[in-house]
Amino acid sequence: RKEVEQDPGPFNVPEGATVAFNCTYSNSASQSFFWYRQDCRKEPKLLMSVYSSGNEDGRFTAQLNRASQYISLLIRDSKLSDSATYLCVVNNQGGSYIPTFGRGTSLIVHP
Amino acid sequence: DGGITQSPKYLFRKEGQNVTLSCEQNLNHDAMYWYRQDPGQGLRLIYYSQIVNDFQKGDIAEGYSVSREKKESFPLTVTSAQKNPTAFYLCATTSPAGGLGQFFGPGTRLTVL
């Protein structure tokens, strides 16, 4: 079983739609969680951290479910500019920061 | 302007040649990482360094070497022993305790002809 799994998509949605991605992780001792955005042929950029209580940043909401070992990203009112690959990142190690990346979920927002 | 620079952006090399990719940071971060990304794939860890003069192998270290003589610099050498070196190489740093996640350089796209 892969440590961090994501549905690769692509998720094809119209502008204004709400879309949600899930990411499952296998290590119950995982301590920190993040969502990154990666545009085509560019480096990943941090979108948001994921906190146990859930957190929101504008149109983006991230949630963590430790019992079921998954994190989610919800995007409301999708924009064309949201088209990208969204990477789920999980940090499994307590002492050293050695993150594990999911393969990413591709989102295409069309007019 | 704080950040991570990688050079060159594109690199072409003949098969059998060693090549060194540069990574420099002015974020004053202790930890630095090298990843490889292949089309449609996630990032795979090659090497990482938590502190100057120390580094550890990641998941796919074979055919690669690194050095960490200065806090600001973490060059990666792709040796001729690497079977399939054509890929997108990303350098990253981590803020103390990792609470802010990782910061990435713009990457180097290596093509071996």
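From a predicted model like this one, the values you see are computed outputs, not experimental measurements.
A donor atom on one side chain and an acceptor atom on the other are found under 3.5 Å apart for Thr94(B) and Tyr33(B). A donor-acceptor pair shorter than 3.5 Å cannot be found between the side chains of Thr85(A) and Ser106(A). Residues Gln25(B) and Thr93(B) bring no donor and acceptor atom of their side chains to less than 3.5 Å of each other. Residues Gln38(A) and Gln37(B) have side chains that bring a donor and an acceptor to within less than 3.5 angstrom of each other.
Both the backbone and the side chain of Leu43(B) come within less than 4.5 Å of a heavy atom of chain A. Only the side chain of Tyr36(A) comes within less than 4.5 Å of a heavy atom of chain B; its backbone N, CA, C and O stay farther away.
Between chain B and the residues Pro99(A), Gly104(A), Gly102(A), the largest count of heavy-atom pairs under 4.5 Å involves Pro99(A). Ranked by heavy-atom pairs under 4.5 Å with chain A, the first of Pro106(B), Ala31(B), Gly107(B) is Pro106(B). Chain A forms the most heavy-atom pairs under 4.5 Å with one residue out of Gly105(B), Gly58(B), Ala92(B), and that residue is Gly105(B).
The aromatic rings of Tyr35(B) and Phe101(A) lie perpendicular to each other, with more than 60° between the two planes, well past the 30° mark.
The pair Asp39(A)-Arg37(A) counts as a salt bridge, with a side-chain nitrogen and a carboxylate oxygen less than 4.0 angstrom apart. Using a 4.0 Å cut-off between charged nitrogen and carboxylate oxygen, Arg68(B) and Asp54(B) do not count as a salt-bridge pair.
Both tests pass for Arg109(B) against the ring of Phe88(B): distance under 6.0 Å to the centre and angle within 45° of the axis.
Interface with chain B: from residues 6-23 of chain A, no residue qualifies, criterion being any non-hydrogen pair under 4.5 Å.
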